[in-house]
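Below you'll find the structure, written out as structure tokens, and then a few comments.
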Number of protein chains: 2
Amino acid sequence: MALEHAILVSLAERSASGYDLARRFDASIGHFWKASHQQIYKVLGRMESDGWVESQVVPQDGRPDKKVYVITDGGRAELVLFTSKATPPEHLRSEFAVKLRALPFGDAAAIVDDVRVRRRSHEQQLAYYADSAARFYPHPDDIPDHALGGWLVLRGGMLAEQAGIAWCDEILQRLAGDEDDER
Amino acid sequence: MALEHAILVSLAERSASGYDLARRFDASIGHFWKASHQQIYKVLGRMESDGWVESQVVPQDGRPDKKVYVITDGGRAELVLFTSKATPPEHLRSEFAVKLRALPFGDAAAIVDDVRVRRRSHEQQLAYYADSAARFYPHPDDIPDHALGGWLVLRGGMLAEQAGIAWCDEILQRLAGDEDDER
DNA sequence: CGTTGCACTGCAACGAGTTGCATAGTACGG
DNA sequence: CCGTACTATGCAACTCGTTGCAGTGCAACG
């Protein structure tokens, strides 16, 4: 139900086509809310009939036409409404946790391997966030209001990745005796 | 796709009816993988026709009959297969992050309130986990193999909640000037 | 000149998960 | 006796999201 709102935020920052949105979702916002282009097109259609956005076909040369979506007043009102309502509690949903509980009934060695892979991907993600932070927010103590949300979201991502790494380390210490503290 | 496996783990630990499973999912495992009873019944039916579980109707007095499910060899094999395959990377999906990005377009005061509520619920969850840990694993350095998975999952929950609290604190510091460091 | 890749939009079918409802017996408080 | 709550199972309808496919047209590679 939040995809609509993620798109609204994205369009409030800058008008875009479905294709553009899909690519934005691959890059920044998408690290916290994935969406495929099929889904984006579908939702954009619904949002247009709800009056949250309006579209206009823009011919391009050397490229197919694009349909640029612009947020409407109705869309902005919906965003305000969205932020003023309490977020329903989000519960974790971790297939990895299920796997851990399956330890006594499964392939322990494979699980340990999986933890190592997982640790590495957390590290990579963290490095990516740190890089984005350094690039887009070189002065963290002096961020203008309009950019604060982006910074805070990035911070949330970093904290989550760090927690993920710490978890993997605890698991490895228990399961692998911590022989290889690689990197 | 992991609900099947969560149920398999649960049944591997102890046979149960759909109703029992639903209650277990409300308690321990369910903090990491929620499922409603409707969904559990549906999935149990599919799992039975896949040969992963078998059921037997058990009459009770003073209560409706129950259908007790038992894991089969096929189900155990599936569990091994599940643990030996790499877990696909799980991406965060946070409506709350969307809300943060909506800061410049929405109701900032309401968002701050929401952060406070969220912080409190993280704290409550953490307290609950700490309590479970103290009760079920009084000697964390000496946990038998069959219980290790449960402990590690609990630890993951705690780390995630701590990260959530730290995030909320950073947000409040930025948005509310940190006037009230309540509790 | 053929293949690959990118920009751009979409539909159709499916699977996963939620919400609402149906049913039925027992037990307990008012 | 009536309403409520608990144990117990399940169906139907819906939304959300994924997967697979389809088509066009340009540009670059070999």
Side-chain angles (χ1 to χ4, degrees), chain A residues 1-8 11 15-27 29-30 32-50 53-69 82 88-95 98, chain B residues 1-8 11 15-27 29-30 32-50 53-69 82 88-95 98:
Chain A
M1 196 110 285
L3 176 56
E4 277 90 334
H5 299 115
I7 291 177
L8 278 180
L11 290 179
S15 299
S17 67
Y19 191 81
D20 294 334
L21 285 169
R23 287 204 306 178
R24 279 189 211 168
F25 272 76
D26 274 348
I29 316 178
F32 308 95
W33 200 282
K34 290 268 175 244
S36 62
H37 71 99
Q38 292 91 335
Q39 202 190 341
I40 288 171
Y41 285 124
K42 213 191 300 179
V43 170
L44 277 173
R46 185 167 65 231
M47 290 168 74
E48 186 161 25
S49 60
D50 286 348
V53 297
E54 277 167 5
S55 68
Q56 203 180 343
V57 175
V58 177
Q60 305 182 107
D61 46 52
R63 292 179 179 188
D65 296 356
K66 58 156 92 173
K67 220 164 138 186
V68 173
Y69 287 88
F82 165 65
E90 296 161 12
H91 46 258
L92 335 175
R93 168 158 286 200
S94 170
E95 189 169 340
V98 174
Chain B
M1 196 111 281
L3 176 56
E4 277 91 336
H5 299 114
I7 291 177
L8 279 180
L11 290 178
S15 298
S17 67
Y19 191 80
D20 294 334
L21 285 170
R23 287 202 307 178
R24 278 188 213 169
F25 272 75
D26 274 348
I29 316 176
F32 308 95
W33 199 282
K34 291 267 174 242
S36 62
H37 71 99
Q38 291 91 335
Q39 202 190 342
I40 288 171
Y41 285 123
K42 212 193 299 179
V43 169
L44 277 173
R46 187 169 62 231
M47 289 168 75
E48 186 162 26
S49 59
D50 286 349
V53 297
E54 277 167 5
S55 68
Q56 202 180 344
V57 176
V58 176
Q60 305 182 106
D61 47 51
R63 293 179 177 190
D65 296 356
K66 58 156 91 176
K67 220 163 137 185
V68 173
Y69 287 88
F82 165 64
E90 296 162 10
H91 46 258
L92 335 174
R93 168 159 286 200
S94 169
E95 188 168 341
V98 173

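To find a chain, count down the sequence lines: A is the first, B the second, and so on, and within it residues start at 1. Keep in mind it's a predicted model, so treat the numbers as computed, not measured.
- In this structure, CG of L44(B) is placed 12 Å from C1' of dG10(D), rounded to the nearest angstrom.
- In this structure the side chain of I7(B) never reaches within 4.5 angstrom of the side chain of V53(B), judged on heavy atoms.
- Checking dG30(D) for Watson-Crick or G-U wobble geometry (two distances, each under 3.5 Å) identifies dC1(C) as its partner.
- Taking atom CG of residue D65(B) and atom C1' of nucleotide dA24(C), one finds them 11 Å apart after rounding to whole Å.
- R23(B) is linked by a side-chain hydrogen bond (donor to acceptor under 3.5 Å, both in side chains) to nothing, counting only residues two or more places apart in sequence or in another chain.
- Heavy-atom contacts from other residues, nucleotides or ligands closer than 6.0 Å to CD of E48(A) number more than 12.
- Atom P of nucleotide dG17(C) and atom CD1 of I40(B) are separated by 11 Å, given to the nearest angstrom.
- Nucleotide dC11(C) holds its C1' atom 13 Å from the OH atom of Y41(A), rounded to whole Å.
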Under 3.5 Å, N/O pairs linking protein and nucleotides 3-7 of chain D:
residue, atom, partner, partner atom, Å
dT7(D), OP2, Y19(B), OH, 3.0
dT7(D), O5', Y19(B), OH, 3.4

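- Other residues, nucleotides and ligands contribute over 12 non-hydrogen atoms within 6.0 Å of the CD atom of Q39(A).
- R93(A) places no side-chain N or O within donor-acceptor distance of the main-chain N or O of F32(B), the cut-off being under 3.5 Å.
- At least one side-chain heavy atom of M47(A) sits under 4.5 Å from a side-chain heavy atom of L8(A).
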Footprint string (nucleotides 13-20 of chain D, 5' to 3'): B base within contact, S backbone only, - free, heavy atoms under 4.0 Å: ---SBBBB

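- Residue-environment remark: CD (Q56(A)) stays at or below the threshold of 12 foreign heavy atoms within 6.0 Å.
- Proximity of V68(A) to D20(A): side-chain heavy atoms (C-beta onward) are nowhere separated by under 4.5 Å.
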